[in-house]
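Inspection log for the structure reproduced underneath, given as structure tokens.
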Amino acid sequence: MAAGATPLAPNARSVRNVAFVEGVRTPFGKAGEKGMYAGTRADDLVVNAIRELLRRHPELPPERVDEVAIAATTQIGDQGLTIGRTAALLAGLPKSVPGFALDRMCAGAMTAVTTTASGIGFGAYDIAIAGGVEHMGRHPMGEGVDPNPRIIADKLVDPTALVMGQTAENLHDRFPAITKQRTDAFAARSQEKYAEAVKTGKIGPELVPVATRSKELGWGLATEDEPPRPGTTLETLAGLKTPFRPHGRITAGNAAGLNDGATAALLADEDTARELGLPIGMRLVGYSFAGVEPEVMGIGPVPATEKLFKRTGLSIDDIGLFEINEAFAVQVLAFLDHFGIADDDPRVNQWGGAIACGHPLASSGVRLMTQLSRQFAERPDVRYGLTTMCIGIGMGGTVIWENPAFEGAK
């Protein structure tokens with residue numbers, strides 16, 4: 001501000017620290033008529049998650065929530081009608097609490113977090129709820145959309161850009177060192193790490209039980225993820241079909257499936273969190289989104305992360321924990337190869353990932369953050385962690401977080 005100039009407003013605030021208080025999620029289900037959520041509404045999934053956040057934090061007066069941002073990739077039917085607002089009402093928040101919906105395909109919940117976190121940092125909000133939902137059984141990706149034919153006719157993108165499995169095959173073409181054998185090995189480890197995390201109680205505390213209904217079985221209760229395939233072996237994976245290309249490399253085993261589920265996270269200005277007695281799971285350092293060629297959308301996390309390192313002054317060597325969304329194993333390995341990280345580095349997805357537990361598109365960003373936050377609590381030797389994901393139509397998103405439990409270099 002120039003010397004002698006008056007402030008724009010007497011209560012204008014400088015940038016504030018943003019705290020990730022806690023994240024929760026529903027168990028993830030398999031999409032389709034036989035999936036556990038076949039008879040469950042999409043909005044009810046995210047309402048359950050929001051209610052659970054409020055139940056876990058009675059110290060938070062509901063009227064103190066300033067915004068509810070909920071993402072969905074397919075904003076139609078029970079995922080439409082400004083779902084952030086309707087979910088807030090259904091969850092029992094006061095009518096004075098506003099809400100909105102947003103879409104950035106797979107990074108919807110991630111964008112809900114970064115958008116509301118920006119508002120908190122700027123001073124527009126003190127507390128927000130951000131999350132995402134995707135019921136891919138009721139609403140397959142692309143339902144009801146009408147892509148402008150010029151996207152293909154004018155050769156703005158390669159025709160394969162609109163089929164995610166084909167973009168993953170394209171990524172294999174671009175990086176021939178990433179073989180099917182490597183992706184299958186990564187996928188098998190994801191299943192193994194996930195199973196071990198469930199067995200030891202690492203995965204479970206963040207799950208919200210959801211009442212389900214089936215025409216054949218009646219009422220039930222979803223308490224655990226449906227997609228995992230315990231005991232997956234390299235031999236099993238080697239025999240799977242490659243549906244996107246004859247003799248290809250992408251299979252149902254080395255990619256995330258089609259899933260249903262929801263997530264929600266509580267974010268707060270750090271001073272407000274301390275005032276109310278809310279825990280601080282982690283602190284936002286910075287975030288970045290970047291665009292790439294849509295036909296190789298899986299490489300998106302690389303430029304997004306490089307861009308964020310430049311903005312924060314950090315480097316890959318500063319990151320002690322990684323949560324990378326496993327849309328496809330090839331996409332994770334492309335990121336690891338770029339930064340010189342081994343396929344089996346213990347810092348990466350230490351509780352498994354989406355290949356095991358599922359990827360209900362717009363909800364997954366908060367799953368990554370929730371797991372990182374819970375890992376931070378166990379690792380006071382780690383200061384910084386990173387959540388990153390590839391995004392359909394050719395993008396990547398990365399968020400860096402700081403561990404409030406960091407005890408400094410030993």
* Check: K310 and E306 side chains under 4.5 Å, non-hydrogen atoms -> no

* Asked: Does a sphere of radius 6.0 Å around CD in E59 hold more than 12 heavy atoms from other residues, nucleotides or ligands, not counting ones at 6.0 Å or beyond?
  -> yes

* Inter-residue atom distance I83.CD1 - D78.CG, 0.5 Å rounding -> 7.5 Å

* Are I355 and F186 close enough that some pair of their side-chain heavy atoms sits under 4.5 Å apart? -> yes

* Asked: Do E134 side-chain atoms and A362 backbone N/O form a donor-acceptor pair below 3.5 Å?
  -> yes

* Grab the two heavy atoms, one from G137 and one from A31, that are nearest each other, plus how far apart they are. => N-CB, 3.4 Å

* With the side chain counted from C-beta on, respond yes when P279 and E22 share a heavy-atom pair under 4.5 Å apart, and no when they do not. => no

* Asked: So, T73 side chain and M105 main chain: donor-acceptor pair closer than 3.5 Å or not?
  -> yes

* Is there side-chain contact between L284 and F20, with heavy atoms separated by less than 4.5 Å? -> no

* Asked: At what distance, to the nearest 0.5 angstrom, does CD of Q75 lie from CD1 of I70?
  -> 11.0 Å

* Asked: Hey, is the main chain of L90 close enough, under 3.5 Å, to the side chain of R51 for a donor-acceptor pair?
  -> yes

* Asked: What's the verdict on side-chain contact (heavy atoms from CB on, under 4.5 Å) for T312 and D318, showing C-alpha distance, side-chain angles and the deciding distance?
  -> CA-CA 11 Å; T312 60; D318 295 307; over 6 Å; no

* Asked: Which heavy atom in P27 sits nearest to a heavy atom in Y37, and how many Å separate them?
  -> O-OH, 2.7 Å

* What are the two closest heavy atoms between C357 and F28, and how far apart are they? -> O-CB, 3.4 Å

* Reported CD-to-CZ distance for the pair E402 and R383, which is rounded to 0.5 angstrom -> 4.5 Å

Got a list of side-chain donor-acceptor pairs under 3.5 Å for residues 287-304, not counting sequence neighbours?
from: Y287; atom 1: OH; to: S118; atom 2: OG; distance (Å): 2.6
from: E293; atom 1: OE1; to: R174; atom 2: NH1; distance (Å): 2.8
from: E293; atom 1: OE1; to: R174; atom 2: NH2; distance (Å): 3.3

* Structure fact -> Closest non-hydrogen contact found for I250 with A168 is CD1-CB, 3.6 Å

* **T236 side-chain N/O to T232 backbone N/O, donor-acceptor pair under 3.5 Å** => no

* To do: Measure the shortest side-chain to side-chain distance between V24 and V366 over non-hydrogen atoms and say whether it is less than 4.5 angstrom.
  => no

* Answer yes or no: is there a donor N or O on one side and an acceptor on the other, between the side chain of E206 and the main chain of G204, under 3.5 Å? => yes

* Does the side-chain hydrogen bond (donor to acceptor under 3.5 Å, both in side chains) test come out yes or no for E326 and N349, once each step is laid out? -> CA-CA 9 Å; E326 297 172 359; N349 295 6; 2.9 Å; yes

* side-chain contact (heavy atoms from CB on, under 4.5 Å) between L308 and V285: does it pass, once the steps are laid out? -> CA-CA 10 Å; L308 186 52; V285 175; over 6 Å; no

* Asked: Under the salt bridge (charged side-chain N to carboxylate O under 4.0 Å, His left out) test, which residues partner E52, sequence neighbours left out?
  -> R55, R56

* Count the heavy atoms of every other residue, nucleotide or ligand shown that sit under 6.0 Å from CG of L258, and state whether that count exceeds 12. => no

* **Test item: T26 side-chain N/O and G261 main-chain N/O as donor-acceptor pair under 3.5 Å** => no

* Asked: Considering the options T370, D225, T263, which one meets the side chain to side chain donor-acceptor pair (under 3.5 Å) requirement together with R25?
  -> D225

* Do NZ/NE/NH1/NH2 and the carboxylate oxygens of R249 and D173 come within less than 4.0 Å? -> yes

* To do: Apply the test side-chain hydrogen bond (donor to acceptor under 3.5 Å, both in side chains) to residues Q79 and T74: give CA-CA distance (whole Å), side-chain angles for both, the deciding distance (0.1 Å), then the verdict.
  => CA-CA 7 Å; Q79 288 181 184; T74 305; 4.9 Å; no

* **Minimum side-chain heavy-atom gap L266-L278 below 4.5 Å** => yes

* Rounded to the nearest 0.5 Å, how far apart are CG of D260 and NE2 of H139? -> 9.5 Å

* Below 4.0 angstrom, N of the basic side chain to O of the carboxylate: do D344 and R189 qualify? -> no

* **Rounded distance (nearest 0.5 Å) linking atom CZ of F335 with atom SG of C390** => 11.5 Å

* Asked: Looking at side-chain heavy atoms only, is the closest gap between V210 and D44 below 4.5 Å?
  -> no

* Asked: Around atom CD of E224, are there more than 12 heavy atoms of other residues, nucleotides or ligands at under 6.0 Å?
  -> no

* Structure fact -> For G253 and A187, the nearest pair of non-hydrogen atoms, with its separation, is O-CB, 3.3 Å

* To do: Carefully, step by step, assess D43 and H135 under the rule side-chain hydrogen bond (donor to acceptor under 3.5 Å, both in side chains).
  => CA-CA 9 Å; D43 46 13; H135 199 308; over 6 Å; no

* Asked: Do the charged groups of E378 and R374 touch, with an N to O distance under 4.0 Å?
  -> no

* Asked: Is I129 close to V97 at the side-chain level, that is, under 4.5 Å between some pair of heavy atoms?
  -> no

* **Pair H172-T183, side-chain contact (heavy atoms from CB on, under 4.5 Å): steps then yes or no** => CA-CA 10 Å; H172 270 290; T183 59; 3.5 Å; yes

* Spatial distance of atom CG (L93) from atom CZ (R64) [nearest 0.5 Å] -> 14.0 Å

* To do: Mind listing the closest non-hydrogen atom pair of T388 and L368 along with its distance?
  => O-CD1, 3.7 Å

* **Evaluation steps, side-chain contact (heavy atoms from CB on, under 4.5 Å), between L333 and F175** => CA-CA 10 Å; L333 294 176; F175 299 104; over 6 Å; no

* Asked: Within the distance-only criterion (no hydrogens, no angle test), does the side chain of D158 pair as donor or acceptor with the backbone N or O of T160 below 3.5 angstrom?
  -> yes

* Any donor-acceptor N/O pair, D345 side chain to A342 backbone, under 3.5 Å -> no

* Check: G353 main-chain N/O paired with S190 side-chain donor or acceptor under 3.5 Å -> yes

* Asked: Do any N or O atoms from the side chain of D66 and from the backbone of A128 form a donor-acceptor pair under 3.5 angstrom?
  -> no

